[in-house]
Novice: 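Sharing a structure below in structure tokens format, with a few things to ask.
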Protein chains: 2
Amino acid sequence: MIPTQMLKGMLEGCILEIIRKQETYAYEISKLLEEYGFGEISEGTIYPIILRLQKSELVKATVRDSNSGPKRKYYRLTEKGTVSLNEFKDNWNELEHAINHLFTGGNEDA
Amino acid sequence: MIPTQMLKGMLEGCILEIIRKQETYAYEISKLLEEYGFGEISEGTIYPIILRLQKSELVKATVRDSNSGPKRKYYRLTEKGTVSLNEFKDNWNELEHAINHLFTGGNEDA
DNA sequence: TAGATGTATCATGCATTGCAAGGTACCTGA
DNA sequence: TCAGGTACCTTGCAATGCATGATACATCTA
């Protein structure tokens, strides 16, 4: 299981990418994150993130009826959201390279 | 530059790996992290991490003289440290796979 | 001799963020 | 009727990176 500390700073970008792929709502996002292999991400995690995304205008919401429960809030990316997502991808690549560089170097003592 | 939030939970494992490769001290670790591409990691970050590693007995220290300044505290991994490092590697792989799975899937709308 | 620079250690308090826990409310099926 | 799934949200805690500041040794230069 991925420790919660390692998820910090990751989930926001991942949720943006999920919304980019497909207009969707918070409850479904939590299911999708699990399917992608992030493990079970608490709703107490997801809702605050989405509120933040709305406040900073990276996503916009549309309320629609559901045929299996309460109304859903569907989210889609704004332009700012697309920019932010691209920045996240760049940062992720930087981190991935740094860590893989560190961990594939072998033992310097040898 | 990698945002600080994305480093949370990463640096501890990375510092363990640096120490595994080579017995070294905090000041040098900060230089090495920069060389590996993590950017400039503040000393206010590194020293607390190393104190934590010592308290949880993942590393042990040896004080030695330096010919270019104050004494250095050289760190080496304990057995617990090796175990912890391996756990970190597993967790990192999990995270890397999840994120790459998410970001290589293309647009589900298409 | 004095001061700047580089080396080397550590402590304090803040900001951010994931999460546990709890709350509300709708719909379906047993 | 009531349990379970769907769907939203809030509050307060814990962990961690970092800015800031302090201490101190060694070397070089004015």
Novice: Between Pro70(A) and Gln5(B), which has a closest nucleotide on DNA chain C that is more 5'?
Specialist: Gln5(B)

Novice: Counting only heavy atoms not in Glu40(B), do more than 12 sit closer than 6.0 Å to its CD atom?
Specialist: no

Novice: Which nucleotide wins on minimum distance to the side chain of Arg72(B), given the candidates dG17(D), dA8(C), dT17(C)?
Specialist: dA8(C)

Novice: Can you check the Ile49(B) CD1 to dA15(D) P distance for me, whole Å?
Specialist: 15 Å

Novice: Measure from NZ or CZ of Lys31(B) to the centre of the six-membered ring of Tyr27(B) and say whether it is under 6.0 Å with the direction within 45° of the ring axis.
Specialist: yes

Novice: Rounded to whole angstroms, how far apart are CG on Leu7(B) and P on dG18(C)?
Specialist: 14 Å

Novice: Report the nucleotide, chosen from dC18(D), dA14(D), dT6(D), that has the shortest atom-to-atom distance to any side-chain atom of Pro48(B).
Specialist: dC18(D)

Novice: Taking the minimum atom-to-atom distance to the side chain of Tyr27(B), which one of dC8(D), dC19(C), dT9(C) wins?
Specialist: dT9(C)

Novice: What is the distance from CD1 of Ile41(B) to C1' of dT9(C), rounded to the nearest Å?
Specialist: 18 Å

Novice: Arg64(B) CZ to dC25(D) C1': how many Å, rounded?
Specialist: 19 Å

Novice: What's Glu43(B) touching, base or sugar-phosphate or nothing? Going by heavy atoms closer than 4.0 Å.
Specialist: base

Novice: Considering only dT6(D), dG18(C), dC18(D), which nucleotide approaches the side chain of Leu11(B) most closely?
Specialist: dC18(D)

Novice: Strictly below 4.0 Å: does Ser42(B) bring a side-chain N or O up to OP1 or OP2 of dG17(D)?
Specialist: no

Novice: Are Thr62(A) and Arg76(A) close enough that a side-chain donor and a side-chain acceptor fall under 3.5 Å?
Specialist: yes

Novice: 5'-most contact on DNA chain D: Gly44(A) or Lys31(A), nearest heavy atom basis?
Specialist: Lys31(A)

Novice: Between atom CG in Leu51(A) and atom P in dG18(C), what is the gap in whole Å?
Specialist: 13 Å

Novice: Are OP1 or OP2 of dC9(D) and a side-chain N or O of Lys73(A) less than 4.0 angstrom apart?
Specialist: yes

Novice: Using a heavy-atom cut-off of under 4.0 Å over every strand shown, decide if Thr4(B) touches base, sugar-phosphate, or nothing.
Specialist: sugar-phosphate

Novice: Using whole Å, report how far CE of Met1(B) lies from P of dG17(D).
Specialist: 14 Å

Novice: For the side chain of Thr24(B) and the backbone of Ile19(B), is there at least one donor-acceptor N/O pair under 3.5 Å apart?
Specialist: no

Novice: If the cut-off is 4.0 Å, is Tyr47(A) near the phosphate of dC9(D), judged by side-chain N/O to OP1 or OP2?
Specialist: no

Novice: Given dT6(D), dG17(D), dG18(C), which nucleotide is nearest the side-chain atoms of Lys8(A)?
Specialist: dG18(C)

Novice: Can you tell me the distance, in whole Å, between the CE atom of Met6(B) and the C1' atom of dA15(D)?
Specialist: 18 Å

Novice: Taking NZ from Lys71(B) and C1' from dG6(C), how many angstroms apart are they, rounded to a whole number?
Specialist: 20 Å

Novice: Got a donor-acceptor contact below 3.5 angstrom from the Thr104(B) side chain to the Asn100(B) backbone?
Specialist: yes

Novice: Is the shortest side-chain N/O distance from Tyr25(B) to OP1 or OP2 of dA8(C) below 4.0 Å?
Specialist: yes

Novice: Checking Lys21(A) side chain against Leu102(B) main chain: does a donor-acceptor pair fall under 3.5 Å?
Specialist: yes

Novice: If you compare every side-chain N and O of Ser68(A) against the phosphate oxygens of dC26(C) (OP1, OP2), does one of them come in below 4.0 Å?
Specialist: no

